[in-house]
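A short write-up of the structure that comes next.
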Amino acid sequence: MANLPILQFEEQIVETVERNPVVVIIGETGSGKSTQLSQILHKRGYTKSGRAIAVTQPRRVAAVSVSRRVAQELGVRFGEEVGYAIRFEDRTSEKTCIKYLTDGVLLRESLSNPELNQYSVIILDEAHERSLNTDILLGLMKRLIKIRSTNLKVLITSATLDGEKVSRFFSNCPILNVPGKLFPVEIRYSSERPTSYLESSLKTAIAICANNFALSEIHVREPEGDILIFMTGQDDIEKLVKKLEERVQSLEEGSCMDAVILPLHGSLPPELQVRVFSPPPPNCRRFIVATNIAETSLTVDGVVYVIDSGYVKQRQYNPSTGMYSLDVVPISRVQADQRAGRAGRTRPGKCYRLYTSTVYHEDLMGATVPEIQRSSLAGTVLYLKSLDLPDIDILKFDFLDAPSTEALEDALKQLYLIDAIDENGSITSIGQTMAELPLEPSLSRTLIEANEYGCLSQALTVAAMLSAETSLLPGPSKSTDKKRKHEPSDLPDGSGWGDHIQLLQIYELWDQTNYDVEWCKDNNLQVRGMKFVRDVRKQLSQIMQKIAKGSLDVRTNGRRKESQEDYRNLRKSLCVGYANQLAERMMRHNGYRTLGFKPQLVQVHPSSVLKTDEEGMLPNYVVYHELISTTRPFMRNLSGGTVLSEEQTKGENPSLPEKEIGVATPDDRESRIQAARDRFLSRKTKG
DNA sequence: GAGCACTGC
């Protein structure tokens, strides 16, 4: 601890902070900035006023682990003077003077106290990662230091590359450099761009293991150096793992040390993820084939060699089509450096870049496109509107990197269509309520409507399930038990109503088992995901109760069976919340056309439980949760009316007549979109 | 008959 580089800069840091409201700290990995900055300022009296020091982190685990370490270093009881706050967990007390929190939690706090008066210092850590929430906070800090010029200090930690930019954003505030403690990493480039980075990774990895002479020397000298290979996704990882296993087995006759090959990606069950944290057996090299998760989120000890494919899979939102896409894109130079740095944590390492030096220097972008420029901004805009800051103009809000006008207008349009803002762009009372809920606006709107229709309990469940969603069902490739995969699932299928109802039915069943963990396992549902759903549902219930002053029925139904009436009402609520996300089946085809400005031709995602009727047709209209373009454009999580047989529906026909779409009938919706566009594109409103 | 990178309130 005493050796942390940052401690040599203590005087300089304190002096600079005293003289300036905002300071940028450039701290490389291992500088100790995350643990020390708060302690330094605490010792120098910044918490004497009774106000605390807040340190934001983009990730929950970081908030927890860093705060624990700080408490330990200060020798205080954890959760008292030093604590953390993350969603569902507040480990702070009235005595807390150093508080670690996720950036999202600080944003929530600022909702009820826009001046954040409880803090004397706000440290935005890892700002170079440019998380959506940190970017919003940067904009808010810029306003806040003007309002609280005498009693607020803001520190922003960043990376070398964009420290200047952050400084310029804050009127050329001073920049302090704190060196890190990384070992040198030798970079090796490919002589040409490989045609297949999978094959190229394989060759490079295997060469390190046995074939390549120069490298087998290292192999002898430093037998414990693990290899970390960056790939883009689960699919490629599994292919590469398989090939590596084959090659390693065929080579193994004592010519090289043992090898363990470990995949590492987000959809891997936690018990398999943690395998990378246990040290390898002696005389054994580990090959860790990972996604981006190993770039920042997880740190694998023992890595000495990195193989960098140069690509990453990235989700982006296109505001002109309302569609997300998941694309494999080249990484930025910042990311390339970050990946290389993973080889130098324990001793000098090597990074093999599967691209040329020219590509690195001339083709790669300097920094990754920040999340705020790749996301739908409906939630962000609603949040900012709800703060009710004086003279806030969304289209002119001062972002470090402003999103496009198109993206902002898209957000305004969407908010208008679901009654969150009025034709002047002012937030409505519905919008104000929506902003209280930690959900995307469409789901918040659905909850409010569901409350009117008397199906709030069901809507809470659906909203919570949609919040977790991807972490519920296990990954598609469970090679170990292929048989089970084809067994008919016992889980409900939505009874012909679609995916939302299926999610509701699944949760209701789990609820009836009294949240039995074994039941999840038996049904192939991720335990962690289901528990998350329960937490979210509880949180949403509490907020709804608070808003309605405690008179709502948010209980799950216990043993009562869901009625068709509930389903119908729930679907009506969804059509209000997702007024802009309806699609119409194309004549005599099972393809759909979205009912938007620029109609998109889309299909039902293969994961949907929505089925065709006896004539092979899907419902005429559907409401969908999102559009995602992968191999083709798909609608994911949708509900519609499937005409089932009399027997299946027991006399009830859950088809969706056009008029039942409510406010969102195609005609009405078109005119509202038209009106919204006219208003927002030729607007002179205050934003 | 395809498929979901990673976070977070």
Side-chain angles (χ1 to χ4, degrees), chain A residues 56-63 85-90 101-112 126 129-137 230-238 264-268 273 290-298 309 311-316 324-329 331 335 338 368 370-372 374-375 379-380 382-383 386 434-441 443-444 463-464 467-478 485 526 529 532 535-536 539-540 542-543 590 603-608 612 626 628-637:
Chain A
T56 69
Q57 296 290 329
R59 279 173 292 281
R60 295 162 56 95
V61 278
I86 59 180
R87 189 179 190 180
F88 311 132
E89 260 182 274
D90 187 346
L101 29 60
T102 48
D103 46 16
V105 169
L106 187 62
L107 280 180
R108 286 282 136 192
E109 289 186 354
S110 129
L111 207 52
S112 50
E126 316 289 2
E129 287 188 23
R130 306 296 305 277
S131 78
L132 177 59
N133 288 338
T134 296
D135 266 23
I136 301 168
L137 283 171
F230 282 102
M231 302 297 287
T232 58
Q234 185 178 349
D235 226 39
D236 286 348
I237 288 174
E238 279 165 7
L264 179 62
H265 52 83
S267 40
L268 213 58
Q273 273 187 25
T291 59
N292 237 18
I293 197 169
E295 199 177 287
T296 48
S297 305
L298 294 181
S309 65
Y311 288 98
V312 66
K313 203 176 276 187
Q314 221 172 45
R315 185 177 149 106
Q316 27 220 1
Y324 284 94
S325 60
L326 208 55
D327 308 316
V328 172
V329 298
I331 58 173
Q335 276 180 293
Q338 173 70 23
T368 313
E371 198 184 351
I372 199 165
R374 292 187 277 119
S375 311
T380 303
L382 180 62
Y383 170 83
S386 75
M434 285 164 58
E436 298 277 322
L437 292 157
L439 289 171
E440 55 185 81
L443 275 178
S444 303
S467 300
E469 212 259 322
T470 54
S471 53
L472 292 181
L473 303 165
S477 39
K478 272 229 161 176
K485 209 175 142 189
Q526 287 201 20
F532 175 77
D535 286 339
V536 174
Q539 187 188 30
L540 297 176
Q542 285 167 346
I543 296 171
N590 274 333
Q603 292 190 316
V604 174
H605 195 277
S607 65
S608 175
T612 54
E626 73 171 1
I628 174 99
S629 173
T630 48
T631 51
R632 287 208 299 269
F634 291 111
M635 297 176 285
R636 279 190 63 238
N637 282 318

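Letters A, B, ... are given to chains in the order of the sequence lines, protein chains preceding strands, and every chain is numbered from 1.
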Open item on the list: Ignoring hydrogens, what is the shortest heavy-atom contact between A/Lys313 and A/Gly233? Give both atom names and the distance.
Closed with: NZ-CA, 4.4 Å
Task: Value in whole Å for how far the P atom of B/dG8 lies from CD1 of A/Ile136 - done: 15 Å
Open item on the list: From the set B/dA5, B/dC9, B/dA2, return the single nucleotide nearest to any side-chain atom of A/Arg632.
Closed with: B/dA2
Open item on the list: Heavy atoms from C-beta onward define the side chain here; which of B/dA2, B/dT7, B/dA5 lies closest to that of A/Pro606?
Closed with: B/dA2
Task: Residues forming a side chain to side chain donor-acceptor pair (under 3.5 Å) with A/Glu295, sequence neighbours excluded - done: A/Gln335, A/Arg339
Task: Counterpart residues, side chain to side chain donor-acceptor pair (under 3.5 Å), relative to A/Asp327 (two or more places apart) - done: A/Gln316, A/Ser325
TODO: Starting from C1' on B/dC6, measure out to CD on A/Gln57 and report it in whole angstrom.
DONE: 16 Å
Open item on the list: Can you list everything that forms a ring pair (Phe, Tyr, Trp, His ring centres under 6.0 Å) with A/Tyr324? Sequence neighbours excluded, please.
Closed with: A/Tyr317
Task: Nearest-angstrom distance from the residue atom CZ of A/Arg374 to P of B/dG8 - done: 15 Å
- [ ] Measure from the side-chain heavy atoms of A/Arg60 and tell me the nearest of B/dC9, B/dT7, B/dA5.
- [x] B/dC9
TODO: Scan residues 102-109 of chain A against DNA chain B and write down, sorted by residue number, each residue with any heavy atom closer than 4.0 Å; if none is found, say none.
DONE: A/Thr102, A/Gly104, A/Val105, A/Arg108
TODO: Mind calculating the distance between CG (A/Leu439) and P (B/dG8) to the nearest angstrom?
DONE: 17 Å
Task: Atom pair distance, as rounded to whole Å: CG in A/Leu326 and C1' in B/dA2 - done: 14 Å
- [ ] Report the residues that fulfil ring pair (Phe, Tyr, Trp, His ring centres under 6.0 Å) with A/His265, sequence neighbours left out, ordered by chain and then residue number.
- [x] none
Task: Member of A/Thr102, A/Val536, A/Asp535, A/Leu101 meeting the side chain to side chain contact (heavy atoms under 4.5 Å, CB included) criterion with A/Arg87 - done: A/Val536
- [ ] Under the side chain to side chain donor-acceptor pair (under 3.5 Å) rule, collect the residues that match up with A/Gln542, sequence neighbours excluded.
- [x] none
TODO: Tell me what A/Ser131 touches on the nucleic acid: a base, only sugar-phosphate, or nothing, going by heavy atoms under 4.0 Å.
DONE: nothing
TODO: Have a look at A/Ser297 and say if it touches a base, only the backbone sugar-phosphate, or nothing, with a 4.0 Å heavy-atom cut-off.
DONE: sugar-phosphate
- [ ] Rounded to the nearest angstrom, tell me the gap between atom CG in A/Asn133 and atom P in B/dC9.
- [x] 8 Å
Open item on the list: Given B/dA5, B/dT7, B/dC9, identify the nucleotide with an atom nearest to the side chain of A/Thr291.
Closed with: B/dA5
Task: DNA chain B: 5'-proximal contact among A/His265 and A/Glu440 (nearest heavy atom) - done: A/His265
Task: Atom-to-atom span, CZ of A/Phe532 to C1' of B/dC9 - whole angstrom - done: 9 Å
- [ ] With DNA chain B as reference, determine whether A/Gln539 or A/Asn637 sits nearer its 5' end, using the nearest nucleotide of each.
- [x] A/Asn637
Task: Residues A/Thr612 and A/Asn590: side-chain donor-acceptor under 3.5 angstrom - done: no
- [ ] For A/Arg87, report the nucleic acid contact type (base, sugar-phosphate, nothing); a contact means any heavy atom under 4.0 Å.
- [x] base
Task: Whole-Å gap separating P (B/dC6) and CZ (A/Phe230) - done: 12 Å
Open item on the list: What's A/Ile86 touching, base or sugar-phosphate or nothing? Going by heavy atoms closer than 4.0 Å.
Closed with: sugar-phosphate
